[in-house]
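Numbering of ligands and ligand atoms starts at 1, following listing order.
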Amino acid sequence: MPTIFTKIINGDIPGDFVYRDDLVVAFRDINPQARVHILIVPIKEIRNIQEVTAEDEAILGRMLHVARIVAEQESIAESGYRLLINNGADAHQEVFHLHMHLLGGEALGPLLAKR
Ligand code: AMP
């Protein structure tokens, strides 16, 4: 079964794309947690960081490079932004297709809420 992100990448489910190349896409999160909230997603289905292999290094590098490009497109390169990967159950990963959140466009506060 394709992941929900593969369905978005393939056009089977709508996605608000802001970037696409041969390895990576970026589209707006459907439930934004900041004024700018974009998901940077490899086209290859990788469950999460624990499934990454040496042959995926180009993909991982591209994801960070695309973060820079998208931040510039969104005019938040100077004001700053947060990059976040939820990995596994304790991190509350909901979609098991590797993705990096790019959050910004406003002051985000500390990374973790006090508990
Ligand atoms: P995570 O908890 O890191 O797995 O985050 C999954 C993210 O995917 C959440 O922020 C969701 O809002 C987002 N999401 C789920 N379905 C869609 C969709 N159809 N289009 C865009 N973003 C989505």
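Connection of Ile49 to Leu83 is established within a shared hydrophobic cluster, with ILVMFWY side chains joined at heavy-atom distances below 4.5 Å, either directly or through further cluster members. Residues Ile9 and Val24 fall into different hydrophobic clusters, defined by Ile, Leu, Val, Met, Phe, Trp and Tyr side chains chained together at heavy-atom separations under 4.5 Å. Val36 and Phe17 fall into different hydrophobic clusters, where Ile, Leu, Val, Met, Phe, Trp and Tyr side chains are chained together by heavy-atom contacts under 4.5 Å.
When non-hydrogen atoms are compared, ligand 1 lies under 4.0 Å from the side chain of Phe5 (C-beta onward) but not from its backbone. When heavy-atom distances to ligand 1 are checked against a 4.0 Å cut-off, Ile8 comes that close only through its side chain, counted from C-beta outward. With a 4.0 Å cut-off on non-hydrogen atoms, Gln33 does not touch ligand 1 at all.
For His101, the heavy-atom gap to ligand 1 drops under 4.0 angstrom.
Protein heavy atom nearest atom 2 (O) of ligand 1, with residue, atom name and distance: His92 O, 3.0 Å. Regarding atom 5 (O) of ligand 1, its nearest protein heavy-atom neighbour is His99 NE2, 3.2 Å. Nearest to atom 4 (O) of ligand 1 among the protein's heavy atoms is Glu94 N, 2.7 Å.
Using a 30° and 60° split on the angle between ring planes, Phe5 and His99 fall in the perpendicular class, above 60°.
Nearest residue to atom 17 (C) of ligand 1 from Ile30, Asn86, Leu103 is Ile30 (criterion: closest heavy atom). Among Asn48, Asp16, Asp29, Leu84, the residue whose heavy atom sits closest to atom 9 (C) of ligand 1 is Asp29.
Near Leu39, the atoms of ligand 1 lying under 4.0 angstrom from a non-hydrogen atom of the residue are 8 (O), 13 (C), 22 (N). Within ligand 1, the atoms closer than 4.0 Å to a non-hydrogen atom of Asn31 are 12 (O), numbered from 1 in the order shown. When each atom of ligand 1 is checked for a heavy atom of Val95 under 4.0 Å away, the hits are 4 (O), 6 (C). Those atoms of ligand 1 that come under 4.0 Å of a heavy atom in Arg28, given as number and element, are 21 (C).
Here Lys44 does not pair with Glu51 in a salt bridge; the nearest charged N to carboxylate O distance is not below 4.0 Å.
In terms of modelled atom types and a separation under 3.5 Å, the side chain of His97 and the main chain of Pro42 share a donor-acceptor contact. In terms of modelled atom types and a separation under 3.5 Å, the side chain of Gln93 and the main chain of Val95 share a donor-acceptor contact. In this structure a side-chain-to-backbone donor-acceptor pair under 3.5 Å is missing from Asn10 to Asp12.
Taking a 6.0 Å sphere around CZ of Arg68, one finds it holds 12 or fewer heavy atoms contributed by other residues, nucleotides or ligands.
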